[in-house]
Amino acid sequence: MTDKLVVVGQGYVGLPLAMRAVKADFDVVGFDLDQDRVKRLQAGDSYIEDVAAEELKAALESGRFLASSEPKACAGFDFAVIDVPTPLRDGNPDLSYVESAAALLARFLRPGATVILESTTYPGTTEELVGPILEEGSGLVMGTDFHLGYSPERIDPGNPQWGFANTPKVVSGVTPACLEAVQGFFDRLVERTVPVSGTREAELTKLIENTFRHVNIALVNELAMFAGELSIDVWEAIEAASTKPFGYMRFTPGPGVGGHCLPIDPSYLSWRVRRSLGQPFRFVELANDINEHMPDYVVRRLTMALNRRRQAVNGSRVLLLGLAYKKNTGDAREAPSEAVAHQLLNLGAEVRAVDPYVTEAHIDTRVARVELSADELAAADAVVLLTDHDVFDYDLIKARSGYVLDTRRRIDNPNVEHL
Ligand SMILES: NC(=O)c1ccc[n+]([C@@H]2O[C@H](COP(=O)([O-])OP(=O)(O)OC[C@H]3O[C@@H](n4cnc5c(N)ncnc54)[C@H](O)[C@@H]3O)[C@@H](O)[C@H]2O)c1
């Protein structure tokens, strides 16, 4: 008999998983509380870049994928995966979405079923929070009556080389039998699973990966600010350092970090360390401090550039190129463009912005959304390249702009300054 899978949360992580599972012959329910999203899925309209509309339509036509916001659609599941948001609220982990997803699944939990948490969270969540909610709601015992485990998601939206199936998947369970069930599930979906001995190790794995990136980006960002003052080309030094074939990994400066992971996940770790041990996680706090202040530095550099031309930010027309936190994607969550735009507006600038991918309104409504054109570039007192999407016409930008602050070192020209 075909196994039934429920994926709770149909976002960047949950929808690609659901699509993959359809191809692996599961009967899949994509459950989401957001009725607009569910309607779009039912109509074959994908809102996630990594899932093509054709793939979604094929899944619907196969009869193996049902998008629903009806709790009863979850009944009778063999496997359930939780892919709901884990944001911060007032700087602290907000696990309310995970709690409500677990409470929903508890209602339909049957002996022998397997529940897997994929949302990024602090070590201990699966066993200390999700397990008890499932037990209480179902009357069953984890590890004895049902399987429970954690498997961090490593999806990298827009990455053409590493997708869901070929990225190794770390798997864990609260008991050896749970691990076996979780590993067996993902062995059907990905090329390689990597078992670890407990759910806390798996939860920490994800936080190590993201904290590592966060700290290294902060390192090059701070270097970029000092090197700028010392008139040293930090980009050239980074490229040269990157030729070392061992013991070095290339990270580049930028206008700040964004997306759903880097600005948030390391704080889950530092929160857990502080709460359990009463100590600060100094690396995370320092990296937060540096990365959060990068938009201020961008605005300062722009102010200095205008000042050299005896111009004030107040009244200047500034054209921002790229609003997404990452190139070639439309994801503007927590993107530094928001802080840059906000500060410039508060200083009295007229801010206009180009981003062909970002449709959702994460940006101040006072920012005029425009198309990239020779006239827009020429009319701007300053152009700031925040996200170096490949679709931008860089020859046009070089040719028609008066001044460009390039925060990604994408272009070189006499009218271009780098971060
Ligand atoms: N986006 C990434 O690149 C990425 C990578 C790795 C891990 N993660 C982690 O995966 C988790 C999910 O992230 P995402 O980017 O997919 O989020 P998302 O916001 O794209 O999607 C989450 C979905 O869950 C739905 N939802 C919220 N509460 C629900 C509930 N109780 N029941 C059903 N649906 C509910 C929302 O409506 C939304 O559609 C987070 O913990 C995140 O940190 C994200």
Side-chain angles (χ1 to χ4, degrees), residues 6-20 29-42 45-51 67-74 77 80-89 93-108 115-122 125-126 129-130 133-134 137 150-159 162-164 167-170 202-203 205-211 213-214 257-269 324-326 328-335 360 362:
V6 171
V7 183
V8 185
Q10 290 290 278
Y12 285 88
V13 173
L15 185 58
L17 170 70
M19 293 299 106
R20 180 77 196 157
V29 172
F31 179 82
D32 203 294
L33 291 180
D34 183 333
Q35 297 191 2
D36 287 339
R37 285 196 149 184
V38 168
K39 277 195 199 115
R40 286 183 67 177
L41 291 178
Q42 289 167 342
D45 174 16
S46 172
Y47 42 80
I48 299 292
E49 279 150 25
D50 286 348
V51 174
S68 179
S69 51
E70 285 290 329
K72 62 177 185 298
C74 302
F77 69 82
V81 181
I82 300 176
D83 285 322
V84 296
T86 43
L88 292 172
R89 190 184 295 267
D94 174 6
L95 288 170
S96 57
Y97 302 93
V98 172
E99 287 166 0
S100 90
L104 166 90
L105 292 174
R107 287 166 54 191
F108 302 105
V115 177
I116 304 163
L117 178 64
E118 274 200 317
S119 297
T120 305
T121 185
Y122 59 77
T125 308
T126 307
L129 184 84
V130 175
I133 294 173
L134 291 171
Y150 182 81
S151 177
E153 182 44 61
R154 285 172 160 165
I155 211 157
D156 184 18
N159 189 326
W162 296 104
F164 184 86
T167 304
K169 192 96 170 88
V170 173
E203 288 159 336
T205 302
K206 175 75 187 171
L207 297 181
I208 293 176
E209 291 167 8
N210 283 347
T211 303
R213 272 189 72 70
H214 190 51
V257 294
H260 195 23
C261 295
L262 291 196
I264 294 166
D265 299 353
S267 298
Y268 266 70
L269 188 52
Y325 83 93
K326 184 176 174 184
N328 304 336
T329 82
D331 190 350
R333 293 182 292 180
E334 316 281 334
E360 287 179 43
H362 280 276

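All residue numbers refer to positions in the sequence shown, counting from 1. FYI, side chains are in, hydrogens and waters are out, and symmetry mates aren't considered; it's all heavy atoms of this structure. When a ligand or atom number is given, it counts from 1 through the structure's own listing order.
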*Partners passing salt bridge (charged side-chain N to carboxylate O under 4.0 Å, His left out) against E49 (at least two apart in sequence or in another chain)*: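 Not a single residue meets the salt bridge (charged side-chain N to carboxylate O under 4.0 Å, His left out) criterion with E49.
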
Review point. For E99, which residues count as a salt bridge (charged side-chain N to carboxylate O under 4.0 Å, His left out) partner, sequence neighbours excluded?
Key: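 Applying salt bridge (charged side-chain N to carboxylate O under 4.0 Å, His left out) to E99 gives none.
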
Original post:
Can you list the steps and then say if S96 with D94 is a side chain to side chain donor-acceptor pair (under 3.5 Å)?
Top reply: CA-CA 6 Å; S96 57; D94 174 6; 2.7 Å; yes

For this session: Flag the pair E153 and K169 as a salt bridge only when some basic side-chain nitrogen lies within less than 4.0 angstrom of an acidic carboxylate oxygen.
Result: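 Result for this pair is yes, salt bridge flagged.
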
| query | Would you say R213 has more than 12 foreign heavy atoms packed within less than 6.0 Å of its CZ? | reply |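 Incorrect, the count does not exceed 12.
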
**Prompt:** When you look for protein heavy atoms under 4.0 Å from ligand 1, which residues do they belong to?
**Reply:**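 Residues near ligand 1: V8, G9, Q10, G11, Y12, V13, F31, D32, L33, D34, R37, D83, V84, P85, T86, Y97, S100, A101, S119, T120, E153, I155, P157, K206, H260, C261, R333.
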
Report task. Would you please name every residue forming a side-chain hydrogen bond (donor to acceptor under 3.5 Å, both in side chains) with D156, sequence neighbours left out? Result ->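 For D156 the side-chain hydrogen bond (donor to acceptor under 3.5 Å, both in side chains) partners, ignoring immediate neighbours, are N159, K326.
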
